[in-house]
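All chains are named by letter (A, B, ...) in the order of the sequence lines, taking the proteins before the strands, and each is independently numbered beginning at 1. These figures come from a predicted structure and were not determined experimentally.
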2 protein chains.
Amino acid sequence: MHQTIIDTLKRNQLSITDSRKKILELFLHAKGALAHFDIEHQSGAEFDRVTIYRTLQTFVEKGIIHTIPTADNSIRYALCKDDCANGHHHDDHVHFMCDDCGTTYCLDHVTVPQVSLPNGFTVTQTDVIISGKCMKCA
Amino acid sequence: MHQTIIDTLKRNQLSITDSRKKILELFLHAKGALAHFDIEHQSGAEFDRVTIYRTLQTFVEKGIIHTIPTADNSIRYALCKDDCANGHHHDDHVHFMCDDCGTTYCLDHVTVPQVSLPNGFTVTQTDVIISGKCMKCA
DNA sequence: AATACAATGCAACATTGTTGCAAAATATTG
DNA sequence: CAATATTTTGCAACAATGTTGCATTGTATT
Ligand SMILES: [Mn+2]
Ligand SMILES: [Mn+2]
Ligand SMILES: [Zn+2]
Ligand SMILES: [Zn+2]
């Protein structure tokens, strides 16, 4: 597991630092998506807030994690699958936010449906966010 | 048009105030969705920021406007259709955000597809946000 | 017009995110 | 391995966005 972390950083030409190792580890062990807030707390005040912001930004740029749009003003992040790299994301799965426990799930096996738009609109990305109750809170 | 505004407020049992009239008017004339920022500027510094926040919150609760999840941490709001009322929203249309001009459109005639989830998940709401280029920026 | 009720403005605070820059850590080179 | 070049970090300062309590003002009701 620890090797996976270092491998991932190297594969993406990132230097190996404590914060990057720790934050990547948090994502690997996380059940759902993480917000900046979660990372700041789960890392035990080990790193500066700014470092966390910059690390998340770097990970998104490298295609290690992806963002999930929300209506509650706090961006969530989750691990990408292997085929995301260097700004080219291929996360075409549906996201689920539980109204009860707040957990955000990547439903990797539920692909986003194709939506046909009126003439003149060009599609770059389609995000599907479903809210409701998760299997734990049902 | 002015009568529509007062009617809408009365229908929702809201008292008629300057800020509510003005903000509702902005939505009626707006082409796309509005963020708090837009309203603060378009209303010409006429109302306190707090008043705008509270008015938006009230309008959402009453089913006059609905929120649109975004990936950029600034909630957008847009007018609901007539069948939304008192917390029960029926906005099952797709939203589009232009990468170029930033305009957020309610595609009222594009309904969100039904997505079937794994066992144990219950759906309350499905949001579809598509990004790309709009017909003006194509 | 008098009263009851609700909305507003202000101040103060909380949260989230950004930028510049010196210090520290990491990677590279000989 | 040590010296150097390059990156990353932490700090400070700031900006944007959102929330709460409370006195004042405005709206609705009688
Ligand atoms: Mn995901
Ligand atoms: Mn809409
Ligand atoms: Zn849950
Ligand atoms: Zn556009």
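Here the options are T67(B), D38(B), T103(B), T104(B), the test is side-chain hydrogen bond (donor to acceptor under 3.5 Å, both in side chains), and the partner is R76(B); only T104(B) passes. Test I16(A), I23(A), L28(A) against I5(A) for side-chain contact (heavy atoms from CB on, under 4.5 Å) and you get one pass: L28(A).
Using a 4.5 Å heavy-atom threshold, the side chains of V115(A) and V123(A) count as separate.
Remark: P of dT27(D) and CZ of R20(B) are 11 Å apart, rounded to the nearest angstrom. For the pair I52(B) CD1 and dG9(C) P, the computed distance is 9 Å after rounding to whole Å. Taking atom CZ on F37(B) and atom C1' on dG18(D), their separation rounds to 15 Å, with Å as the unit. Residue Q13(B) contributes atom CD, which lies 15 Å from atom C1' of dT29(D) at whole-angstrom precision. We find that CG of L9(B) is positioned 12 Å from P of dT27(D), with the value rounded to whole Å. A straight line from NZ of K21(A) to P of dT26(C) spans 7 Å, rounded to a whole angstrom. In this structure, the CZ atom of F47(B) is 7 Å from the P atom of dG9(C), given to the nearest Å. With rounding to whole Å, E61(B) atom CD is found 11 Å from dA7(C) atom P.
The side chain of Y53(B) lies closest to dT17(D) when the candidates are dA28(D), dT17(D), dT7(D). With dC10(C), dT8(C), dC11(D) as the candidates, the nucleotide lying closest to the side chain of S19(B) is dT8(C). Of the candidates dT7(D), dC10(C), dT18(C), dC10(C) carries the atom nearest the V50(B) side chain, counting heavy atoms from C-beta on. Closest to the D48(A) side chain, of the nucleotides dA28(D), dC11(D), dT8(C), is dC11(D).
Interface remark: the R49(A) side chain does not form any donor-acceptor pair with the dG10(D) base, using a distance-only criterion of under 3.5 Å.
Taking side-chain N and O atoms only, S15(A) has no distance below 4.0 Å to OP1 or OP2 of dT7(D). Here S74(B) does not reach the OP1 or OP2 of dA16(D): none of its side-chain N or O atoms lies under 4.0 Å away.
When each of I75(B) and T55(A) is assigned the nucleotide of DNA chain D with its nearest heavy atom, T55(A) is the one assigned upstream, toward the 5' end.
Rounding to the nearest 0.5 Å gives a distance of 4.5 Å between OG of S15(B) and CZ of R20(B). Note that NE2 of H93(A) and SG of C106(A) are 3.5 Å apart. Values are rounded to the nearest 0.5 Å. With rounding to the nearest 0.5 Å, the separation of CG in L9(B) from CG in L24(B) is 5.5 Å.
Using bins of under 30°, 30° to 60° and over 60° for the plane-to-plane angle, the ring pair F121(A)/Y105(B) lands in the perpendicular bin.
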Can you give me the N/O atom pairs linking the protein to nucleotides 22-26 of chain D at distances under 3.5 Å, or say none if there are none?
none

